[in-house]
Amino acid sequence: MKGYLGEFEELVLLTIAALSEDAYGSSIKSLIENRMNRTISLGALHSTLTRLEEKGFAVSKLGGATKERGGRRKRIYELTPEGVSALADYKQLRDTLWFESKLKIDFSDE
Amino acid sequence: MSRALRKAAVALLERLAGNAPIEDIMGDLEESYAGYLSTGPVWKANLKFYRDVFSLYGSYALRQRKNSRRSHYLSVNTSLAMFGSYFKVALRSLMRYRFFTIMNIVGLAIGMSVSLLFLAIIADVLEYDKFHSNYDNIYRIITKERDQEGVENYASAPHGVINFLQDYPGIQEVVRLDANLYGEVEYNGKNLPMNGFFVDSGFFDVFDFPLESGDQDPAIANSVLITKKEATKLFSDEDPLGKIISIEPHGDFIVSGILKDHPKKSHLHFDLIAPYSGNDSLINDYHFSFYPSYRNHYVYFQADESFSEDEFLKDLNEFSQEKSEAARVITLNFQAMQDMPMGLELSNSPGPQWDILSLTIFAILSLLILLPACFNYASLSISRALQRAREIGVRKVVGGNRQQIFLQFIIESIVVFIVSFILAYIGFTYIRTEFLQILAPASSSGLTLTLSVSMCLIFLGFILVASFLIGVIPALYFARIKPLNALKNSLGQPQKSRIGIKKALMTFQFTLSVGFIVAVFIILEQYQNTMNYELGFQKENILNIDLQDVAPQHLANAVGTLKEIDQTAFASDIIGAIFSRPVVVYNNLKSDSLSTNELFISENYLQVHDLQLTAGNNFRPGQTERETDVLVNESFVSRFGFSDNSSILGQKLLVDDLELTVRGVVKDFNYANLRYAIEPIILRNSAEQFTLATLKFTTTDYFQLVNQLEDVWEELSEDEFKATLLSADLDAAYLWYFNMIRMVGFLSLLAISVSCLGLLGLVVFQVQRREKEVGIRKIHGASTTSIVYLLSRDFLKLMVVGTLIGVPVTYAMFNFLLPKIQYYSEGISAAPLALGTLLLFLLAGATVTSQTISAAQKNPADTLKYE
């Protein structure tokens with residue numbers, strides 16, 4: 001398993017994957033905030049995005065501008081194959097551990 | 001209020017980001033803020049917004065984005081393609097302002113060519129002796145003698161130092177070189193003058209002088225090695241090996257080997273090498289014997305790794321102290337091979353030498369020409385700001401940043417400098433020949449001033465550094481221009497300080513130019529004075545004939561029949577020119593000695609040259625076979641401690657182990673050239689030493705006289721007839737004056753050209769700026785002359801200031817220098833100062849008026865058309 005993936009990093013990476021075509025700073029932020037009911041700062045998010053890019057798990061390009069952004073362009077993020085395999089590795093590790101732990105959790109009542 | 005706060009917070013973020021791209025972050029900030037507003041109260045949204053902004057300030061994201069943008073100041077936003085475009089734009093703008101470009105290039109080319117010359121000399125001198133594989137380990141002993149008369153440094157060393165060196169740890173090999181192996185070399189009736197060294201057997205181990213054929217380590221005592229070049233001259237097609245040649249006065253030698261011709265860039269030059277056969281008695285003297293005894297005797301040694309220079313110097317000092325006498329202290333020192341061609345100035349040096357002082361002076365002079373050219377470039381470029389302001393303004397408006405404009409101008413100056421360099425190189429090849437002629441002995445010593453790879457690299461680096469340094473000033477200036485002002489065409493008046501600097505530079509150049517011109521005139525005047533100086537002896541109508549092997553008496557008898565010949569005398573040397581025939585004279589008790597010069601003359605020599613006796617009598621006639629008497633000059637009398645001239649008469653002197661009686665005292669005359677004071681001399685009367693006949697003639701038809709003499713000569717000897725007029729010999733002795741005039745004249749020409757070019761540029765610029773003013777003045781009735789005066793006035797002022805500084809400084813400098821260059825010198829008169837000033841005003845005045853007159857004559861209708 002190459003490259004250490006922090007908890008928040010994994011979360012951001014997954015969010016990028018979930019947002020597919022429209023993953024940029026604000027959208028990632030609001031999705032995480034809405035889903036997790038926690039507030040994160042833009043600085044922390046952009047720092048994590050930068051790290052993910054440096055680790056080679058994500059790439060970015062400048063995309064379209066909208067009115068509510070004051071006509072400024074978005075930086076659209078996208079997963080790299082390395083990013084995908086890193087996520088897969090973590091999932092597999094968790095699955096294995098879940099399986100071995102014999103913990104029974106009922107997901108149905110969520 | 002809160003809006004302003006938000007704005008300030010964002011502005012701070014933008015400022016922190018600098019040139020890093022944060023467009024997307026700013027967008028995210030705004031979008032998130034919009035989101036906060038839609039979901040909650042304004043104060044909550046604001047709070048969240050500040051949280052976002054503050055979290056970004058020091059964030060990793062911002063740092064990394066800045067880092068990715070941070071690189072060298074000059075390489076910002078540049079790619080190779082950009083350089084191509086810069087280059088293209090540079091060429092276009094240079095072509096557009098052709099006049100300024102040409103002036104800049106010519107000025108810089110002139111300045112650079114002199115610097116190239118200097119670099120070429122340095123590079124050449126540094127190449128000396130590099131072909132020795134032991135280059136780094138070869139040293140020689142040098143000697144400093146101090147007595148009551150002063151200090152003298154010699155490249156030669158006393159014989160006694162050998163004992164000390166031979167067992168010294170760290171010294172591998174000691175080699176003595178004795179340069180007394182010189183004279184006419186005779187083989188099979190052919191005579192050639194050659195010189196060489198008697199050397200110790202280790203010579204070829206220390207130095208790399210390869211052998212062509214034969215044996216380099218001859219066992220036979222009287223064997224000699226000869227260089228290939230001289231061997232072919234002497235033996236033509238014959239095989240020289242084993243042949244016997246005779247070298248006057250050393251006797252017969254057998255040729256045991258042929259040496260390859262050694263490189264010219266060697267401080268040792270020789271045609272012959274023979275085994276050392278020195279006088280060993282001198283080595284073991286307890287005290288060192290003094291200079292003339294070790295003349296031409298050099299001691300070289302090769303050291304190994306364990307050799308410590310500091311320790312050796314200490315031991316050497318101790319040794320020389322122990323061997324010195326109180327009255328005359330000899331201090332030994334040593335010199336590494338790389339210091340030999342260019343280092344301490346030494347007498348009796350075996351090879352060519354360049355003293356550091358004159359090289360430094362030359363370096364300063366070449367800088368004095370190059371620097372003004374560079375200043376002119378910078379000042380002309382800035383002067384053009386008005387013309388180029390719009391271009392810069394447009395560039396800035398469409399997004400060109402300071403770095404890009406900076407780079408644009410740097411590249412322009414690099415282009416200008418490279419083109420000037422090419423021109424300078426062409427100029428350099430011309431002045432090189434001229435310069436080598438001035439330094440005539442240099443060409444024979446191997447100074448070629450040709451281009452080598454290392455020199456090319458030095459030049460190239462020099463150009464790049466210079467153009468960058470010089471280009472920085474205008475480039476920074478242009479990069480700072482504000483686009484709004486530039487486009488409104490209101491750069492404003494240039495700052496006062498900048499105008500001041502320009503004026504100061506121009507004044508400096510005038511000072512320099514007037515200094516150079518005045519220097520040329522001063523030297524010319526001194527030359528005139530020197531040539532007209534009363535030398536104290538008759539120099540007109542005197543012909544010197546080289547006696548060669550004709551007996552003096554035979555010649556005297558033969559020419560005595562010619563009616564044009566008044567008198568025939570004989571002497572050992574030509575007087576008045578370069579004269580060196582040192583001898584040590586003792587009194588009869590050997591309690592006092594004086595090193596002086598000697599001249600051998602026949603008794604009628606005094607009449608021929610019209611030399612006056614102030615006491616005593618001339619030689620008795622017919623005493624030339626057996627010397628008994630001697631004449632001395634007045635300086636000798638006083639230096640030898642006699643109060644008046646007649647008291648020395650009858651005094652016995654010991655010279656060359658002969659006891660001679662002073663018979664007369666001759667009035668002082670300049671037997672050596674005027675560079676030196678009149679030193680003591682003794683006149684001796686021995687026919688053996690006569691080498692030339694001195695004829696006083698009465699005719700004015702010199703050519704006929706020479707023809708007649710030649711006929712006479714042919715009956716006496718088979719050799720070529722060699723005769724020169726004494727006045728011609730004297731002229732030749734002052735040839736160095738001409739070389740100096742040529743050199744300073746040449747430099748002044750360059751300095752003047754550079755400053756006139758700078759002046760021209762400045763005038764053209766001023767005239768262009770004031771075109772409209774001139775037009776308006778003309779409409780109001782100003783005359784052409786008043787406008788010419790108006791436009792030239794400022795420059796006239798600078799010229800006057802430059803002259804007021806330059807002339808006194810040059811005058812003071814020469815007043816100080818002249819007595820050092822030549823013993824005889826006369827005060828500088830006003831003429832050269834006035835002439836130099838006049839010439840400068842003519843040249844600079846012509847430069848200024850050439851522009852101002854045409855400007856004053858322009859039709860105001862044309863210049864004011866667009867107003």
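Throughout, a chain's letter reflects where its sequence line sits, starting with A, and its residues are numbered from 1. These values consider heavy atoms only, across backbone and side chains, with no hydrogens, waters or symmetry-generated copies.
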*Using a cut-off of 6.0 Å, state whether more than 12 heavy atoms not belonging to B/Phe87 lie near its atom CZ.*
no

*Does anything in residues 24-40 of chain B get under 4.5 Å of chain A by heavy atoms, and if so which residues?*
B/Asp24, B/Ile25, B/Met26, B/Gly27, B/Asp28, B/Leu29, B/Glu30, B/Glu31, B/Ser32, B/Tyr36

_Contact winner vs chain B - A/Gly25, A/Ser26, A/Gly43, heavy-atom pairs under 4.5 Å_ = A/Ser26

_Can you give me the closest heavy-atom contact between B/Ala61 and A/Ser47, atom names plus distance?_
N-OG, 3.3 Å

*Is the CG atom of A/Asn37 crowded by more than 12 outside heavy atoms at less than 6.0 Å?*
no

_When A/Arg69, A/Arg72, A/Lys67 are compared by non-hydrogen pairs under 4.5 Å with chain B, the top option_ = A/Arg69

*Going by the salt bridge (Lys or Arg N to Asp or Glu O under 4.0 Å) test, which pairs reach into residues 21-33 of chain A, not counting sequence neighbours?*
A/Asp22-A/Lys74, A/Lys29-A/Glu33, A/Lys29-B/Asp52

*Output the option from A/Thr48, A/Thr50, A/Ile40 having the highest count of non-hydrogen pairs under 4.5 Å with chain B.*
A/Thr50

*If we only count heavy atoms from C-beta on, is the B/Gln64 to A/Arg51 side-chain gap below 4.5 Å?*
no

*Checking heavy atoms, do the side chain of B/Glu23, its backbone, both or neither come under 4.5 Å from chain A?*
both

*Is chain B contacted by the side chain of A/Glu54, its backbone, both, or neither, given a heavy-atom distance below 4.5 Å?*
side chain

*Select one option (side chain, backbone, both, neither) describing which atoms of A/Thr39 are under 4.5 Å from chain B's heavy atoms.*
both

*Mind checking the CZ-CG spacing from B/Phe49 to A/Leu42? Nearest 0.5 Å is all I need.*
9.5 Å

